[in-house]
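Input: a single structure, listed below in structure tokens.
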Number of protein chains: 2
Amino acid sequence: MPIERKLKYSKLQYEARARVAKALAHPSRLLILDAIADGEKCVCELTELVDADQSTVSKHLAILKQAGIIADRKDRSKTFYRPTICCLKGFWECIESVLKENLKAQQAAMGR
Amino acid sequence: MPIERKLKYSKLQYEARARVAKALAHPSRLLILDAIADGEKCVCELTELVDADQSTVSKHLAILKQAGIIADRKDRSKTFYRPTICCLKGFWECIESVLKENLKAQQAAMGR
DNA sequence: TCGGCATATGGCTATTATGCCATGAGACAA
DNA sequence: TTGTCTCATGGCATAATAGCCATATGCCGA
């Protein structure tokens, strides 16, 4: 039996998933997602929050948009970004659990 | 009001989250997580599944372990890896939704 | 003890990611 | 038209990743 048969998904499918995960794997991008969770924000607002060069923030936004995680709306000279999906909750919860477990394990190791 | 106040979390917290997300952001590592979801596997089995050099797989495993996502158990000369957390479901579902939405958007664009 | 299997790690190279500066492009007001 | 504000993009330097080979380490069995 070819090894591929033992996998639940194809390599291509894992690559597609990794592309999305990669877009989420940067502190500034997580901050941005949190910031627009309650409502759209323009690039200038996000630039202030992230505290980096405007071009840097713009590139982060392009990465998130390319991954299909956010969408934009242009109004006059501004561009507003918003999440396209509501499912990020599951993502956050997962990350949180890992961090919480790590903390627990760390404390257990300290008390040993 | 300092900008930091406008953030839900501190920069450090976003960095901690990003570190976990980064560990998840590689096709081979996602494949590995899927492979051990049903039960632990040794490095040699995983090496075969991932189809890369044994040293490469070993490094991927070290990254996942360092992030607190998997744990290992040594038995004789083998090392078995297993997930430490059950919460990866939320992560998968999130990624899946994004991909599904992207597909929908793509199809809508085609039919336009 | 010697040899072989299973893993982990160091070293090195190639690729990719990040971030800033400079600049291009569009919208709008004077 | 000109200047300004907002945002996107090209260019470039630096840092981080990924992957392989070679090799060290540990655990047996002969």
Side-chain angles (χ1 to χ4, degrees), chain A residues 3 11-12 14-33 35-36 39-84, chain B residues 3 11-12 14-33 35-36 39-82:
Chain A
I3 293 171
K11 300 260 181 184
L12 279 176
Y14 285 113
E15 281 167 20
R17 286 163 172 73
R19 270 193 293 277
V20 176
K22 210 172 270 191
L24 292 167
H26 189 288
S28 299
R29 295 199 283 272
L30 293 181
L31 189 159
I32 289 171
L33 287 173
I36 62 176
E40 61 178 23
K41 282 195 170 49
C42 67
V43 180
C44 55
E45 286 177 284
L46 294 171
T47 297
E48 191 187 17
L49 287 173
V50 172
D51 192 30
D53 193 89
Q54 175 269 319
S55 67
T56 299
V57 174
S58 199
K59 281 179 184 174
H60 281 310
L61 290 166
I63 289 169
L64 287 170
K65 184 182 169 186
Q66 158 71 25
I69 300 167
I70 62 175
D72 60 344
R73 174 182 73 85
K74 294 183 197 307
D75 180 35
R76 296 170 165 272
S77 64
K78 293 192 176 180
T79 310
F80 293 90
Y81 282 90
R82 64 178 184 282
T84 49
Chain B
I3 293 171
K11 301 259 180 182
L12 279 175
Y14 285 113
E15 280 165 21
R17 287 163 172 73
R19 270 193 293 277
V20 176
K22 209 173 270 192
L24 293 167
H26 188 287
S28 298
R29 295 199 284 271
L30 293 181
L31 189 159
I32 288 170
L33 287 173
I36 62 177
E40 61 178 23
K41 283 195 170 52
C42 69
V43 180
C44 56
E45 286 177 285
L46 294 171
T47 297
E48 191 187 17
L49 287 173
V50 171
D51 191 30
D53 194 87
Q54 176 270 319
S55 67
T56 300
V57 174
S58 199
K59 282 179 184 175
H60 281 310
L61 290 166
I63 289 169
L64 287 170
K65 185 183 169 187
Q66 157 70 25
I69 300 167
I70 63 175
D72 60 344
R73 175 181 73 84
K74 295 182 197 308
D75 180 34
R76 296 167 165 274
S77 63
K78 293 191 178 182
T79 310
F80 293 89
Y81 283 89
R82 65 177 183 283

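Hydrogens, waters and symmetry mates play no part in the numbers below; they use all other heavy atoms, side chains included. Quick note on labels: first sequence line is chain A, next is B, and so on, each numbered from 1.
Taking B/E40 as the reference, B/R73 meet the side-chain hydrogen bond (donor to acceptor under 3.5 Å, both in side chains) condition, with sequence neighbours excluded. With sequence neighbours left out, A/Y14 forms a ring-ring contact (aromatic ring centres under 6.0 Å, His included) with A/Y9. By the side-chain hydrogen bond (donor to acceptor under 3.5 Å, both in side chains) test, A/S55 is found to be paired with A/D53, residues two or more places apart in sequence or in another chain being considered.
Separating the OH atom in B/Y81 from the CD atom in B/E45 is a distance of 13.5 Å, to the nearest 0.5 Å. One distance of note links CD1 of B/I70 with CG of B/L64; it measures 4.5 Å at 0.5 Å rounding.
Side-chain atoms of B/Q54 stay outside donor-acceptor range of the base of C/dA6, with no qualifying N/O pair under 3.5 Å.
Here D/dC5 presents its P atom at 12 Å from NZ of A/K78, a figure rounded to the nearest Å. Rounded to whole Å, atom P of D/dC7 lies 9 Å from atom CG of A/L46. Atom CG in A/L31 sits about 16 Å away from atom C1' in C/dT18, given to the nearest Å. If you measure from atom CD of A/E40 to atom P of D/dC7, you get 12 Å, rounded to the nearest angstrom. Nucleotide D/dG19 holds its C1' atom 13 Å from the NZ atom of A/K11, rounded to whole Å. The CD-P distance, from B/E48 to C/dA6, rounds to 12 Å in whole Å. Whole-Å rounding puts the B/K74 NZ to D/dC27 C1' distance at 12 Å. Going from atom CG of A/L61 over to atom C1' of D/dT9 covers 14 Å, rounded to whole Å.
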Identify each donor-acceptor pair in which a side-chain atom of residues 19-31 of chain A lies under 3.5 Å from a protein atom, sequence neighbours left out, and give them as a table.
residue : atom : partner : partner atom : Å
A/H26   : ND1  : A/S28   : N            : 3.0
A/R29   : NE   : A/A23   : O            : 2.7
A/R29   : NH1  : A/H60   : ND1          : 3.0
A/R29   : NH2  : A/K22   : O            : 3.3

Between the protein and nucleotides 28-30 of chain C, which nitrogen or oxygen pairs are less than 3.5 angstrom apart?
none

So which protein N/O to nucleotides 10-14 of chain D N/O distances come out below 3.5 Å?
residue : atom : partner : partner atom : Å
D/dG10  : O6   : A/K59   : NZ           : 3.2
D/dG11  : O6   : A/K59   : NZ           : 2.6

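Using a 4.0 Å heavy-atom cutoff across all strands shown, B/F80 reaches no nucleic acid atom at all. Within 4.0 Å of A/T79, counting heavy atoms only, lie sugar-phosphate atoms of the nucleic acid but no base atom.
One finds a side-chain N or O of A/H26 lying less than 4.0 angstrom from the OP1 or OP2 phosphate oxygen of C/dG19. Contact annotation: A/Y81 reaches the phosphate of D/dA8 (side-chain N/O to OP1 or OP2, under 4.0 Å). Neither OP1 nor OP2 of D/dT17 sits under 4.0 Å from any side-chain N or O of B/H60.
Side-chain atoms of A/V57 and A/L49, non-hydrogen and from C-beta on, never get closer than 4.5 Å to each other.
For the pair A/K22 and A/C44, nearest-nucleotide mapping onto DNA chain D gives the more 5' position to A/C44. Residues B/D72 and A/D53 each lie close to DNA chain C; by heavy-atom proximity, the contact nearer the 5' end of the strand is made by B/D72.
The backbone N or O of A/A35 sits less than 3.5 Å from a side-chain atom of A/K41, completing a donor-acceptor pair. With hydrogens and angles ignored, the 3.5 Å screen pairs a side-chain donor or acceptor of A/T47 with a backbone N or O of A/V43.
Of the listed nucleotides (C/dT7, C/dT18, D/dG19), C/dT7 has the atom at the smallest distance from the side chain of B/C42. When distances are taken from the side chain of B/T56 to each of C/dC20, D/dC20, D/dA8, the shortest belongs to D/dC20.
In terms of heavy atoms, A/I36 sits closest to A/R82 at CD1-C, 3.7 Å.
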